[in-house]
Each structure stands twice: as structure tokens, then as C-alpha cells.
Amino acid sequence: MATQPVEVNLPDQLALDRLPRHIAIIMDGNGRWAKRRRLPRIAGHRAGIKAVRQVVETCARLGVPYLTLYAFSIENWKRPHTEIKLLMGLLREYLKKEIEELNRQNIRLLVIGRIQDLPEAVLKDLQNALDQTRKNTGLHLVLALNYGARAELVDAVREIVARARRNGTIEIDEPLLSSYLYTSGLPDPDLLIRTSGELRLSNFLLWQAAYAELWVTETLWPDFTQKDLYQSIADFQRRERRYGGLGLS
Ligand code: IPE
Ligand code: IPE
Ligand code: MG
């Protein structure tokens, strides 16, 4: 299938040679989107999938190497059973329907979170999607599922302690701790986007986002488009990252 060259819609100020290597998104506001339309919350989640498709496709076309999407947090189990059930159903639907499209776009699916605690049927579909996209070499699409940054750190520390018990000793430094996180092998996010205006991280990538540039928009996730993504990248490219130093100016 012929795809439109991405340059057609590119705002002039976007520098393709200075794209963020890793974009992470807290996709928030599905419930509010539905509420405004007097629809059930699940309608908002369903509409959110369209936004996911557009953002994934845009990142793949631009050549962004890593995109992480916060899809279900470990704290989201606090929601009503019916919403969780519908969300898991939507996730399964996405995983099954999307494999072909992901392969066509050369996208590799990865996952971070306490995956083993997901319902068995979800786990099966997830494993299948991971296996079927394993050989792709384009965009790495990382889904954060049953993810919590504190749980991730607890899991890492538990494993490090277990290894120390086996080996008698272990040298702990930042690279070692990083290598025990679910994100082991992935670069830290450069640009962290949150939709729907909330100014918090909600337990997302607390370690990895240490020097991420934050970008918050009032736009609700189902309304988030390619244009918003371009805007976030253009803003990112205008920022000066200092990492505690004095910067260039
Ligand atoms: C984000 O939208 C999706 C998930 C957390 C699964 P919300 O469901 O949190 O929507 P709001 O924040 O209630 O509007
Ligand atoms: C963060 O959104 C989690 C996801 C987007 C999956 P929440 O809606 O769960 O966050 P809070 O409750 O507003 O902090
Ligand atoms: Mg929310």
C-alpha cells in the first residue's frame, strides 16, 4: 500500500536529523473525552486507539527509534471491574488486529511491566504479538502494561539481592541498576508527553525519565493527532538540555 510522504504535513520547523530517540507518552483523558460526549468511559478508550494508531504510524514514518505508551498502570486495577474487563478486551483486540499493520510498517513490539500478572488470555495474545513482530527492525513500540515505576524498582532490587546471595558480592552502580529494570537495553526517554493537562508522572518511568524533557498538553488523548506530536517534537528541539551542566549558551 502506498503511503503518503510524511514531509507533506511536516511543519517547517521540525529538524529530522535531531529527533528525540525515545518518546514516552502518558495517554490520559479517555474518560473525560467520553464524559464530555455523555458516552460510557469505554467509548473514550476505544477512541484512544485511533490516536495510538496515528502516533505509532507517525513515529515509524519519521524514524523515531523508540516509542513507549503507558497503556495500563499497576494502580489502574483500582478501577471498577467492568472498566478493567473492557480495557483488557480492547487491548486483546488491538494486539490481534494490529500485528499485520505493525509488520507492514516494520515495527517491533516490546512490553514493560509486571506482565506475568496480566490475565492469561491477554498474556497469550501479547506473547503472540511479541513473537510475530520480533524480527522487525524499524520503530520499537514499547507498551507499558501493568506497569508501575516503583514496582519496577522493587523487582530490580529483589533480583539484584538474589544475585548477590548467589555470587557472594555485587558492585551496585547506575548502569547495573538500569540493567535490572524492565527497560534494560532501551535508551532513556528524551521527550515525555502527557495529555489532558495533569501535571504529574503517575508512577511512570521514574528512574528513566530523570532528564526527559516534559511536554504537557490540555488535549485529551483521543483528540491527540499527528499535529500535536509534531508540535511536541518542535518544542523539544527548541529546548536546551543541560544535564546539570552549564549548557551551550
Ligand atoms: C487514560 O485515560 C487511559 C487509562 C488510564 C487506561 P483515563 O481513563 O485515565 O481518562 P480520565 O483521566 O479519566 O479522563
Ligand atoms: C496514568 O493515567 C496511567 C495511564 C495513562 C495508563 P491515570 O489516569 O491512571 O493517572 P492518575 O490517576 O490521573 O494519576
Ligand atoms: Mg486518567
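Atoms within each ligand, like the ligands themselves, are counted from 1 in listed order. Nothing here was measured: the structure is a model prediction, and the numbers come from that model.
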Exercise: identify the closest heavy-atom pair between Pro222 and Asn30: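 Smallest heavy-atom distance, with atoms named: CD-OD1, 3.4 Å.
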
Contacts of the Mg ion (ligand 3) with protein N/O/S atoms, counting only those under 2.8 Å: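 Under 2.8 Å from the Mg ion (ligand 3) - ignoring waters, which are not counted - the protein N, O or S atoms are Asp28 OD1.
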
Pair Arg53 + Glu57: basic N to acidic O under 4.0 Å: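 Answer for the salt bridge query: no.
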
Ser232 side chain to Asp235 side chain, donor-acceptor N/O pair below 3.5 angstrom: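 No - no donor-acceptor pair under 3.5 Å links their side chains.
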
Distance-only polar pair, side chains of Asp188 and Trp207, donor-acceptor under 3.5 Å: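 Absent: no donor and acceptor within the cut-off.
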
Under 3.5 Å, is there a donor-acceptor pair between the side chain of [X] and the main chain of [Y]?
{"X": "Thr195", "Y": "Asp28", "result": "yes"}
{"X": "Asn76", "Y": "Ser73", "result": "yes"}
{"X": "Arg241", "Y": "Glu213", "result": "no"}

Atoms in ligand 2 flagged as close to Arg200, the criterion being non-hydrogen separation under 4.0 Å: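 Per the distance check, 11 (P), 13 (O), 14 (O).
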
Protein residues having a heavy atom less than 4.0 Å from any atom of ligand 1: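 Contacting ligand 1 under 4.0 Å are Met27, Asp28, Gly29, Asn30, Gly31, Arg32, Arg41, His45, Ala71, Asn76, Arg79, Leu87.
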
Test side chain to side chain donor-acceptor pair (under 3.5 Å) applied to Gln237 - qualifying residues, sequence neighbours left out: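 Side chain to side chain donor-acceptor pair (under 3.5 Å) check on Gln237 returns nothing, list empty.
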
Residues that, via side-chain heavy atoms closer than 4.5 angstrom, fall in one hydrophobic cluster with Leu214: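 Grouped by the 4.5 Å side-chain rule, Ile26, Tyr66, Tyr70, Leu110, Ile112, Val142, Tyr147, Tyr182, Leu186, Leu192, Leu201, Phe204, Leu205, Leu206 form the rest of the cluster around Leu214.
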
NZ or CZ of Arg36 within 45° of Trp33 ring axis and under 6.0 Å: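 No, a cation-pi geometry is absent between Arg36 and Trp33.
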
Proximity flag Lys78 to ligand 2, non-hydrogen atoms under 4.0 Å: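 Outside the 4.0 Å threshold, so no.
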
